[in-house]
There are 2 protein chains.
Amino acid sequence: MESLTIGELAVRSGVAASALRFYEREGLIHASRTGGNQRRYDRAELRRVAFIKIAQQVGVSLDEIREALASLPENRTPTKGDWSRLSARWRHRLEERISVLERLRDQLTGCIGCGCLSLQRCKLVNPSDRLAGRGAGPQMVLNPPGD
Amino acid sequence: MESLTIGELAVRSGVAASALRFYEREGLIHASRTGGNQRRYDRAELRRVAFIKIAQQVGVSLDEIREALASLPENRTPTKGDWSRLSARWRHRLEERISVLERLRDQLTGCIGCGCLSLQRCKLVNPSDRLAGRGAGPQMVLNPPGD
DNA sequence: CTGCAAGTTGAAGTTCACTTCAGCTCAAGC
DNA sequence: GCTTGAGCTGAAGTGAACTTCAACTTGCAG
């Protein structure tokens, strides 16, 4: 068994066949064809699909994922090093996302103490009424001054 | 200034007026009306909007947010205690979300080391081919056995 | 009291990420 | 060689979360 049918890739990746066809149309993955026009996937495509799923978890759009995948070499199967570089890129994104959520958690904990969630009164959630911060909303949480 | 116009609420909350009207149609926020049919928001609505924004950051759908907000008292302005209870609920969600992402980060770090991201070969990302785990895909990351 | 920015409505449009459908063809087991 | 499940295509549909539009009304500043 050298290559996978779309059904096999679907089962092994946990992504619906219709989504795999969609990803192909969108240029995220590639498939060769049999004489009868059926898709056959190289095992390397499993990594691409895994990468797509993980990136989506991190909150990256398919557009950005495509862009990232485009940086992989076309002419050869990506090496460990290729994947490492991509992973490192997402890792940074991931850490940013985590720190937003942690900040949110910490501030929410503070607000559980004071019972507030006000955009207007709670300094933790939104200092923008006092601080002449540009932009409205819970700035402290979503765009901390430390950035 | 006792109540806010939709424009004022939009500026102070950082949510577009069209979105505020949408939220009202969806039963997430409420407004009283002037003689001329314009919306006037009680300051307490700012908290609701803040809550909506924060919950969305945590990845909660508007449906679920509506459900949560429905648990607030109808007849009086929510107290600190009311908001505390709701916040505590989301805090739990938030911590789950954070731990998914942290797990992802840790495993991605591991994979940067080995250069892999395979659904098939990397035990860290996906043991489902060896372990008779139900469900395909990167199970270790998305649904860790520890749950 | 007038001008004009800000507000109102319902309906339709948008983007994202897919799924579903209809009408076919392919391929593997009996 | 026939049946049956798996696969193919393009087009249309879905749902979430809004935005835009057109046509009209309100309300405050001067």
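Lettering follows sequence order; numbering is per chain, from 1. Just so it is clear, the values below take in all heavy atoms, side chains as well, and ignore hydrogens, waters and symmetry mates.
Residue A/Arg33 is in sugar-phosphate contact alone, with no base atom involved, counting any heavy-atom pair closer than 4.0 Å across all strands shown.
One finds no salt bridge joining A/Arg39 and A/Glu45 here, because no Lys/Arg side-chain nitrogen approaches an Asp/Glu carboxylate oxygen to under 4.0 Å.
Once rounded to the nearest 0.5 Å, the distance linking CG of B/Asp42 with OG1 of B/Thr77 reads 5.5 Å.
The side chain to side chain contact (heavy atoms under 4.5 Å, CB included) test applied to B/Arg85 returns B/Asp82, not counting sequence neighbours. For B/Glu102, the side chain to side chain contact (heavy atoms under 4.5 Å, CB included) partners two or more places apart in sequence, or in a different chain, are A/Ile98, A/Glu102, B/Ile98, B/Arg105. Qualifying side chain to side chain contact (heavy atoms under 4.5 Å, CB included) partners for A/Gln56, counting only residues two or more places apart in sequence or in other chains: A/Tyr23, A/Ile52, A/Leu62, A/Ile65.
Phosphate contact (OP1/OP2 of D/dG7, side-chain N/O of A/Arg39, threshold under 4.0 Å): absent. Not one side-chain nitrogen or oxygen of A/Arg40 sits closer than 4.0 Å to the OP1 or OP2 atom of D/dC8.
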Are any protein N/O atoms closer than 3.5 Å to N/O atoms in nucleotides 2-5 of chain D? If there are, list each pair with its distance.
none

What pairs of nitrogen or oxygen atoms, one from the protein and one from nucleotides 16-19 of chain D, lie under 3.5 Å apart?
{"unit_1": "D/dA17", "atom_1": "OP1", "unit_2": "B/Leu62", "atom_2": "N", "d": "3.3"}
{"unit_1": "D/dA17", "atom_1": "OP2", "unit_2": "B/Leu62", "atom_2": "N", "d": "3.3"}
{"unit_1": "D/dC18", "atom_1": "OP2", "unit_2": "B/Tyr23", "atom_2": "OH", "d": "2.9"}
{"unit_1": "D/dC18", "atom_1": "OP2", "unit_2": "B/Gln56", "atom_2": "NE2", "d": "2.6"}
{"unit_1": "D/dC18", "atom_1": "O5'", "unit_2": "B/Tyr23", "atom_2": "OH", "d": "3.4"}
{"unit_1": "D/dT19", "atom_1": "OP2", "unit_2": "B/Ser18", "atom_2": "OG", "d": "2.5"}
{"unit_1": "D/dT19", "atom_1": "OP2", "unit_2": "B/Ala19", "atom_2": "N", "d": "3.2"}

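Side chains of A/Asp63 and A/Arg66 form a contact here, defined as non-hydrogen atoms less than 4.5 Å apart. Inter-residue side-chain proximity for A/Thr5 and A/Arg40 is flagged as met; some heavy-atom pair is nearer than 4.5 Å. In this structure, A/His92 and A/Glu96 have side chains that are in contact, with non-hydrogen atoms separated by less than 4.5 Å. For the pair B/Glu8 and B/Val11, the minimum side-chain heavy-atom distance is 4.5 Å or more. A 4.5 Å side-chain heavy-atom check between B/Val49 and B/Tyr41 finds every atom pair outside the cut-off.
Look at CD1 on B/Ile6: it is 17 Å from P on D/dT26, rounded to the nearest Å. When rounded to the nearest whole Å, the span between OH of A/Tyr41 and P of D/dA6 equals 16 Å.
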For this session: Evaluate the criterion side-chain contact (heavy atoms from CB on, under 4.5 Å) for residue pair B/Trp83 and B/Leu72; output intermediate values, then yes/no.
Result: CA-CA 8 Å; B/Trp83 286 114; B/Leu72 288 173; 3.6 Å; yes
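Between A/Thr34 and B/Asn37, the residue anchored closer to the 5' end of DNA chain C is B/Asn37, taking for each the nucleotide with the nearest heavy atom.
Protein chain A contacts DNA chain C over a range whose 5' and 3' limits, counting nucleotides with an atom under 4.0 angstrom from a non-hydrogen atom, are C/dA17 to C/dA27.
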